[in-house]
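Have a look at the structure below, then the notes.
Atoms within a ligand are numbered from 1 in the order they appear, just like the ligands themselves.
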Amino acid sequence: MTKIFIPEMQWAQVAEKIGGPLVYKQIPVPKPGPDEILVKIRYSGVCHTDLHAMMGHWPIPVKMPLVGGHEGAGVVVAKGSLVNEFQIGDHAGIKWLNGSCTECEFCRQSDDPLCAHAKLSGYTVDGTFQQYTVGKATHASKIPKDVPLDAIAPVLCAGITVYKGLKESGVRPGQTVAIVGAGGGLGSLAQQYAKAMGVRVVAVDGGDEKRAMCESLGAEFYVDFLKSKDLVADVKAATPGGLGAHAVILLAVSERPFQQATEYVRSRGTIIAIGLPPDAYLKAPVLNTVVRMINIKGSYVGNRQDGVEAIDFFARGLIKAPFKLAPLEDLPAIYELMEQGKIAGRYVLEMPE
Ligand SMILES: NC(=O)c1ccc[n+]([C@@H]2O[C@H](COP(=O)([O-])OP(=O)(O)OC[C@H]3O[C@@H](n4cnc5c(N)ncnc54)[C@H](O)[C@@H]3O)[C@@H](O)[C@H]2O)c1
Ligand SMILES: [Zn+2]
Ligand SMILES: [Zn+2]
């Protein structure tokens, strides 16, 4: 086996404290434990969760200083003595779920995201905004060699999460899903997974750039929340018979749509909350929820099998979502655009050689 050179130091984007700023600097390359792999990250997507993490938006303690990032795609360059799943040179993905205990009731039932001892990339352990990242071999994703590492990166969180959310909604081929926040990273992939599953899409987001993107991704209708005078009526009008959407996938980073979705979901329909706006509450009228038999559920990333399936959809050529490439150094500017809701699709960072 050819020996791969691994440097002692590497470039990383580091948040030194809650709220930032980010510092682009050299830090030590981590060493994999016995059950871990070391991945030379080539590309990492930038998820809105990374921004929430740096800003301390959620009441879950976040590691500081922090290297964010959890959509990392690269090459295995070292592994611990217990690792059988990967060989040096394999392509691998580091996801939000960096590892879990594998022994608790949730892990045993393949609900590993619910594990109380889960390690979260770019939150409780350092993530993929660095040249080299460690992850548990059991939880890292296998990426086929013919799959491009830049395009697959956003699938590792955004893709898996929306794929899982669509399955949790129970929406069936031929039915209609309203995707709220359709113009963002998760939204762009949600449209592609829905289409691949034979589900019709009503996209909800703001602005003409996102309209153009959603229409190119196959949305049958686009409702602009910035321009619509009656969003509920507009979404319903875009669904068969005007009866409302069979499922609503909430990906927006503001609270309003979480309050509104019960108004345009179809009777017996399901609302899936995925977006995580800070300090937000779900609110639904009890009467309508009961007499229209509305389901409201949360959905949180996906388990290992969801990951395998989501990557497989991509590998079969069914998922093509737009992304923009930028060097790792540009992360602060990307966060600024994200804050302003100005990113159509996903940004993918390219690591320095
Ligand atoms: N549940 C999970 O497992 C999970 C996984 C990944 C991300 N997330 C969360 O999902 C959210 C979205 O992440 P992202 O990376 O796609 O973010 P993003 O910034 O790329 O996209 C968010 C989109 O929401 C749109 N939006 C804002 N207000 C809206 C409104 N009122 N109506 C319609 N659209 C609106 C924005 O214009 C933007 O296009 C974040 O809160 C993130 O933390 C959750
Ligand atoms: Zn994410
Ligand atoms: Zn567990």
Side-chain angles (χ1 to χ4, degrees), residues 44-53 55 57-58 68-72 95-97 99-123 127-128 138-139 153-165 168 178-190 203-207 209-211 213-214 222-226 228 231 235 248-261 272-278 280 297-303 306 321 323 334-335 337-347:
S44 175
V46 184
C47 179
H48 209 112
T49 291
D50 298 312
L51 182 55
H52 292 308
M55 299 311 289
H57 277 166
W58 304 326
H70 56 274
E71 290 182 345
K95 306 188 296 267
W96 176 247
L97 210 67
S100 70
C101 83
T102 71
E103 284 167 6
C104 71
E105 183 180 330
F106 296 109
C107 284
R108 288 201 306 265
Q109 296 185 125
S110 68
D111 260 338
D112 25 323
L114 307 182
C115 176
H117 307 288
K119 288 184 191 313
L120 309 175
S121 308
Y123 205 91
T128 57
T138 43
H139 286 75
V155 171
L156 296 168
C157 172
I160 292 170
T161 301
V162 298
Y163 172 65
K164 175 73 160 186
E168 287 285 317
I179 298 174
V180 186
L186 268 66
S188 56
L189 280 151
V204 184
D205 211 309
E209 191 189 353
K210 291 180 185 175
R211 170 189 292 278
M213 185 191 79
C214 292
Y222 178 80
V223 178
D224 191 328
F225 81 94
L226 296 169
S228 171
L231 188 114
V235 173
V248 180
I249 306 284
L250 293 171
L251 308 169
V253 283
S254 57
E255 187 179 21
R256 178 85 181 108
F258 288 78
Q259 315 286 12
Q260 216 170 25
I272 299 288
I274 289 178
L276 293 161
K297 297 166 78 172
S299 187
Y300 180 40
V301 288
N303 65 22
D306 296 316
F323 62 90
I334 294 168
Y335 276 167
L337 290 172
M338 186 174 262
E339 182 87 62
Q340 297 160 10
K342 283 192 182 148
I343 302 174
R346 215 17 147 217
Y347 261 100

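The single protein non-hydrogen atom nearest to atom 10 (O) of ligand 1 is Gly275 CA, 3.4 Å, given as residue, atom name and distance. Among all non-hydrogen protein atoms, the one lying nearest atom 20 (O) of ligand 1 is Gly185 N, 2.9 Å. Atom 16 (O) of ligand 1 has Leu186 N, 2.8 Å as its closest protein atom, hydrogens excluded (heavy atom only). Looking from atom 17 (O) of ligand 1 to the surrounding protein, the closest heavy atom is His48 CB, 3.2 Å. Protein heavy atom closest to atom 26 (N) of ligand 1, with residue, atom name and distance, is Ala252 CB, 3.9 Å. Atom 44 (C) of ligand 1 has Ile274 O, 3.0 Å as its closest protein atom, hydrogens excluded (heavy atom only).
Residue Cys157 has no N or O atom closer than 3.5 Å to an N or O atom of ligand 1. Checked by distance only, ligand 1 and Lys210 come closer than 3.5 Å through their nitrogen or oxygen atoms. Note: an N/O pair closer than 3.5 Å links Val301 and ligand 1 by distance alone. In terms of polar-atom proximity, Pro277 is not counted as a contact of ligand 1, lacking any N or O under 3.5 Å from an N or O of the ligand.
Seen from the Zn ion (ligand 2), atom SG of Cys47 and atom NE2 of His70 lie 110° apart in angle, a value rounded to 10°. Angle SG(Cys101) to the Zn ion (ligand 3) to SG(Cys115): 110° [nearest 10 degrees].
The residue from Leu250, Leu276, Leu251 that puts a heavy atom closest to atom 22 (C) of ligand 1 is Leu251. Checking Ser254, Ala203, Gly302, Gly345 against atom 31 (N) of ligand 1, the nearest heavy atom belongs to Ser254. Between Val204, Thr161, Leu231, it is Thr161 that holds the heavy atom closest to atom 4 (C) of ligand 1. Among Asp205, Val180, Ile179, the residue whose heavy atom lies closest to atom 39 (O) of ligand 1 is Asp205. Closest heavy-atom approach to atom 29 (C) of ligand 1 among the candidates Tyr300, Phe225, Trp96: Phe225. Comparing heavy-atom distances from atom 8 (N) of ligand 1 across Thr49, Val46, Ile160 singles out Thr49 as nearest.
Residues Ile274 and Leu186 have side chains in contact (heavy-atom distance under 4.5 Å, counting atoms from C-beta outward). Side-chain contact between Thr49 and Cys157: absent, with no pair of heavy atoms (C-beta onward) separated by less than 4.5 Å. Two residues are said to be in side-chain contact when any heavy atoms from C-beta on lie closer than 4.5 Å; Cys47 and His70 meet this criterion. Considering only heavy atoms from C-beta on, His117 stays 4.5 Å or farther from Ser100 through its side chain. Using a 4.5 Å heavy-atom cutoff, the side chains of Val223 and Leu231 are in contact. Tyr335 is listed as a side-chain neighbour of Val46, based on a closest heavy-atom distance under 4.5 Å. Taking 4.5 Å as the limit, some side-chain heavy atom of Leu337 sits within range of a side-chain heavy atom of Tyr347.
Classified by interplanar angle (parallel below 30°, tilted 30° to 60°, perpendicular above 60°), the ring pair His52/Trp58 is tilted.
When atom types are taken as modelled, the side chain of Asn303 and the backbone of Asp306 share a donor-acceptor pair closer than 3.5 angstrom. A donor-acceptor pair under 3.5 Å is absent between the side-chain atoms of Ser228 and the main chain of Phe225, judged by distance alone.
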Show the numbers, then the answer: is there a side-chain contact (heavy atoms from CB on, under 4.5 Å) between Glu103 and Arg108? CA-CA 6 Å; Glu103 284 167 6; Arg108 288 201 306 265; 5.8 Å; no
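Taking CG of Leu97 as the start and OG of Ser121 as the end, the distance is 7.5 Å to the nearest 0.5 Å. Here the CD1-CZ distance, from Ile334 to Arg346, works out to 11.0 Å after rounding to the nearest 0.5 Å. With rounding to the nearest 0.5 angstrom, the CD atom of Glu71 is 8.0 Å from the OG1 atom of Thr161.
Those atoms of ligand 1 that come under 4.0 Å of a heavy atom in Arg346, given as number and element, are 14 (P), 15 (O). Each of the following atoms of ligand 1 lies closer than 4.0 Å to a heavy atom of Ser299: 1 (N), 2 (C), 3 (O). Shown in contact with Pro257 at under 4.0 Å from a heavy atom are these atoms of ligand 1, numbered in order with element: 30 (C), 31 (N), 32 (N). In the vicinity of Gly184, heavy-atom distances shorter than 4.0 Å reach the ligand 1 atoms 20 (O), 21 (O), 39 (O). Listed by atom number, the atoms of ligand 1 under 4.0 Å from Gly183 heavy atoms are 39 (O).
Counted within 6.0 Å of NZ on Lys297, heavy atoms from surrounding residues, nucleotides or ligands total more than 12; the atom is thus considered enclosed.
Residue contacts with ligand 1 include His52, since one or more of its heavy atoms lies under 4.0 Å from the ligand. Look at Tyr347 and you'll find every heavy atom at least 4.0 Å from all atoms of ligand 1.
Neither the backbone nor the side chain of Phe258 has any atom closer than 4.0 Å to an atom of ligand 1 (non-hydrogen atoms only).
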